[in-house]
Structures are given as C-alpha cells and as structure tokens.
**Q** 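This structure is in structure tokens; I'll ask about it shortly.
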Amino acid sequence: MKAMLLAAGRGDRMGALTASLPKPLLTVRDVPLIERHVARLAASGITGIVINLSYRGAQIRDHLGDGRRFGVSIAYSDEGEPPLETGGGIVQALPLLGQEPFVLVNSDIYTDFDFATLVAGSREPTLVLVPNPPHNPRGDFGADADGFVSAAAPLLTYAGVAVFSPRSFAGLERGRRPLKPWLDAAVARRELRAVVFLGLWLDVGTPERLEDARRLARGT
C-alpha cells in the first residue's frame, strides 16, 4: 500500500518560521514533522510514499531523499507555484500512486494515530475524525450509526488522515482544485467510512500550536 503526504503549502500563518523553511520541515524534538510521518508510515507497513511539493520543495526533497534510509521508496510530485490545493495535488499525483487505495496524510499534523489500522483494514474510502479543537469549534463532518461519514451533527473535525481510491478521482482535470467539494459529494453518496480517533492530534498551523506540540512531546 502507498501513502501520499501533503507538503505543498506555504504555511503563511507560521510567519518568520517559514520565511526560509517549508512548514513540513519544522521540528518537534529535533525531528521534522514530515520525517516523523515518513518513519511512522514505514513502520505501519507502507512501502511507497508520494509527496507533493511547491513552496521550497527542494529542501524537503534534499532532506528525505529517495526514502531508502526509512525503508520506503519516495516519489515526488512537483506542482510549481502556486500549489494546486489538496484536490488538484491528488489528481496530479495519480500516475505515481497507482491503482490501489492509498493513505493520505497532511504533513503539518502531529499525532500518534496508528496508520497500521488503515493499512490492515478494509481499505475502503475512509476519513479519520477527531474531537473539535479550539480553532475549529464547529467541526467538519459527522459519523452516523452505520459507520459512515455524514453531514449531520454532532460534527467532528477531519484529521487530515484518510484512505482514498485513485478511481474516485479518475476523469478529473488537472489544475487547482480544493478537496472539500469532492468530500461533500462523497459524503452525500455515503461513500466514506468514518474512524473516530480520540488520541493525540494537533493541527500544527500556527507558531502557538507548534509550541503546543513541542510541549506535549516533552511531557510538560
């Protein structure tokens, strides 16, 4: 099974921290966020990883290389600037992802979610949902009694972790494309399974939340 790590964003809300460094290379306990994901995906049984690149993407490529030191093969999908957004980035990366379902992970989250549960599971299209953090109090999606993602309250937050099938994106034209409209349509068709995760999860989207992740990692 392969995975795709989303790493093309500029990280504007990080201010000076990303003036000369892409957000995925910001560190927690001296380990870049994206490197931690690569290592944990490899430990879960993932053998190939695709990473989309845009802002200062060469630094990410130089840091991770071809993935051999992590026990995986890494391929890169260069988007140029501006980035293609999540949906467009997936569509462009499809030739590298192959035909089988893949795990999708936002590189700017900090979590102890066990990716092995997705690798060993049914591999049906799935969204991982978490309790709403302070910066997203309204949530994104619900989880119904049958285990599908729904639009009904109570709403939880999409964790930036999912399983998708390349076939679901077949026929979409390349170009800038947000993922949310595609997700909304898939939810309406009851095509997405829901996994609710109650463990460690942070969206490292601001300097303050990066410090939160660092404090958690230190146990303070």
Side-chain angles (χ1 to χ4, degrees), residues 2-28 31-42 46 48-67 70 72-98 102-111 113 115 127-128 135-136 140 157-166 168-170 172-183 201-207 209-210 213:
K2 290 185 177 181
M4 181 174 181
L5 278 167
L6 299 171
R10 288 187 63 90
D12 289 331
R13 288 177 298 171
M14 285 294 183
L17 292 174
T18 53
S20 59
L21 189 75
K23 184 165 62 169
L25 291 184
L26 295 173
T27 61
V28 175
V31 178
L33 293 167
I34 195 168
E35 179 179 330
R36 185 173 186 270
H37 288 314
V38 169
R40 297 185 74 249
L41 285 166
I46 293 290
I49 297 175
V50 176
I51 301 175
N52 68 331
L53 302 176
S54 179
Y55 176 68
R56 297 191 180 275
Q59 294 183 39
I60 296 173
R61 187 194 295 267
D62 290 345
H63 183 81
L64 297 175
D66 63 7
F70 303 102
V72 296
S73 173
I74 296 179
Y76 297 93
S77 177
D78 290 292
E79 298 182 6
E81 291 202 46
L84 298 175
E85 301 191 49
T86 301
I90 293 172
V91 171
Q92 175 157 305
L94 289 178
L96 299 172
L97 289 166
F102 62 93
V103 177
L104 184 77
V105 182
N106 290 359
S107 65
D108 58 354
I109 59 172
Y110 184 75
T111 182
F113 178 77
F115 298 122
L127 292 190
V128 177
H135 64 272
N136 190 42
D140 303 308
T157 290
Y158 170 46
V161 179
V163 174
F164 292 135
S165 168
S168 300
F169 298 90
L172 295 180
E173 294 182 2
R174 292 193 180 192
R176 297 193 75 193
R177 183 187 300 273
L179 185 62
K180 184 63 162 56
W182 182 92
L183 288 177
W201 180 88
L202 284 173
D203 173 3
V204 186
T206 65
R209 298 205 294 267
L210 176 61

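Along the sequence shown, the residues carry numbers beginning at 1.
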**Q** Considering all heavy atoms of both residues, which atom of S107 and which atom of A7 are nearest to each other, and what is their separation?
**A** OG-CA, 3.7 Å
**Q** Apply side-chain contact (heavy atoms from CB on, under 4.5 Å) to the pair F102 and L96, showing each step before the final yes or no.
**A** CA-CA 11 Å; F102 62 93; L96 299 172; over 6 Å; no
**Q** Judged by atom type as modelled, is there a donor-acceptor pair below 3.5 Å linking the side chain of E79 to the main-chain atoms of L84?
**A** yes
**Q** When rounded to the nearest 0.5 angstrom, what distance separates CG in L202 from OG1 in T111?
**A** 8.5 Å
**Q** Does some side-chain heavy atom of I74 sit less than 4.5 Å from a side-chain heavy atom of D66?
**A** no
**Q** Are any non-hydrogen side-chain atoms of L53 and R61 less than 4.5 angstrom apart?
**A** yes
**Q** Check whether any side-chain N or O of Q59 sits under 3.5 Å from a backbone N or O of S20 as a donor-acceptor pair, and report yes or no.
**A** yes
**Q** Examine distances only and state if a side-chain atom of E173 and a backbone atom of V91 form a donor-acceptor pair shorter than 3.5 Å.
**A** no
**Q** Would you find a donor on one side and an acceptor on the other, under 3.5 Å apart, between the side chain of D140 and the backbone of Y158?
**A** yes
**Q** For the atom pair CD (E35) and CG (L64), what is the distance rounded to the nearest 0.5 Å?
**A** 6.5 Å
**Q** Is it true that a side-chain atom of Y76 and a backbone atom of G65 form a donor plus acceptor pair closer than 3.5 Å?
**A** yes
**Q** Of all the heavy-atom pairs spanning Y55 and P22, show the shortest one and how long it is.
**A** O-CB, 3.7 Å
**Q** In sequence, state the C-alpha distance, the side-chain angles, and the governing distance for W182 and L172, and then conclude on side-chain contact (heavy atoms from CB on, under 4.5 Å).
**A** CA-CA 10 Å; W182 182 92; L172 295 180; 4.3 Å; yes
**Q** Might you work through the side-chain contact (heavy atoms from CB on, under 4.5 Å) test for V204 and V28, ending with a clear yes or no?
**A** CA-CA 10 Å; V204 186; V28 175; 5.9 Å; no
**Q** Would you check if L183 and F164 make a side-chain contact, meaning some heavy-atom pair closer than 4.5 Å?
**A** yes
**Q** Please test I109 against H37 for side-chain contact (heavy atoms from CB on, under 4.5 Å), starting from the C-alpha separation and ending with a verdict.
**A** CA-CA 9 Å; I109 59 172; H37 288 314; 3.7 Å; yes
**Q** Can you check whether I51's main-chain N or O pairs, donor with acceptor, with S77's side chain at less than 3.5 Å?
**A** no
**Q** Do L21 and R56 have side chains that approach each other closer than 4.5 Å (heavy atoms only, starting at C-beta)?
**A** no
**Q** Could you grab the distance from atom CZ of R176 to atom CD of E85, nearest 0.5 Å is fine?
**A** 4.5 Å
**Q** Are I46 and F115 packed together at the side-chain level, in the sense that at least one heavy-atom pair is separated by less than 4.5 angstrom?
**A** no
**Q** Check T18 against G11 and note the closest heavy-atom contact, atom names and distance.
**A** OG1-O, 2.9 Å
**Q** To the nearest 0.5 Å, how far apart are CG in L17 and OG1 in T206?
**A** 10.0 Å
**Q** If you take all heavy atoms of A93 and V50, which pair is closest and at what distance?
**A** CB-CG1, 4.0 Å
**Q** Grab the two heavy atoms, one from D203 and one from R209, that are nearest each other, plus how far apart they are.
**A** O-NE, 2.6 Å
**Q** Keeping W201 on the side-chain end and A159 on the backbone end, is there a donor-acceptor pair under 3.5 Å?
**A** yes
**Q** So, taking the atom named CD1 in I90 and the one named CG in L6, what distance separates them when rounded to the nearest 0.5 Å?
**A** 6.0 Å
**Q** Indicate yes or no for a side-chain donor-acceptor contact from T86 to the backbone of P178 under 3.5 Å, with no hydrogens or angles considered.
**A** no
**Q** Quick test of your reading: applying salt bridge (charged side-chain N to carboxylate O under 4.0 Å, His left out), list the pairs with at least one residue in residues 8-28, sequence neighbours left out, ordered by first then second residue.
**A** R10-D12, R10-E81, K23-D108
**Q** Nearest heavy-atom pair of L41 and A3: which atoms, and what distance?
**A** CD1-CB, 3.9 Å
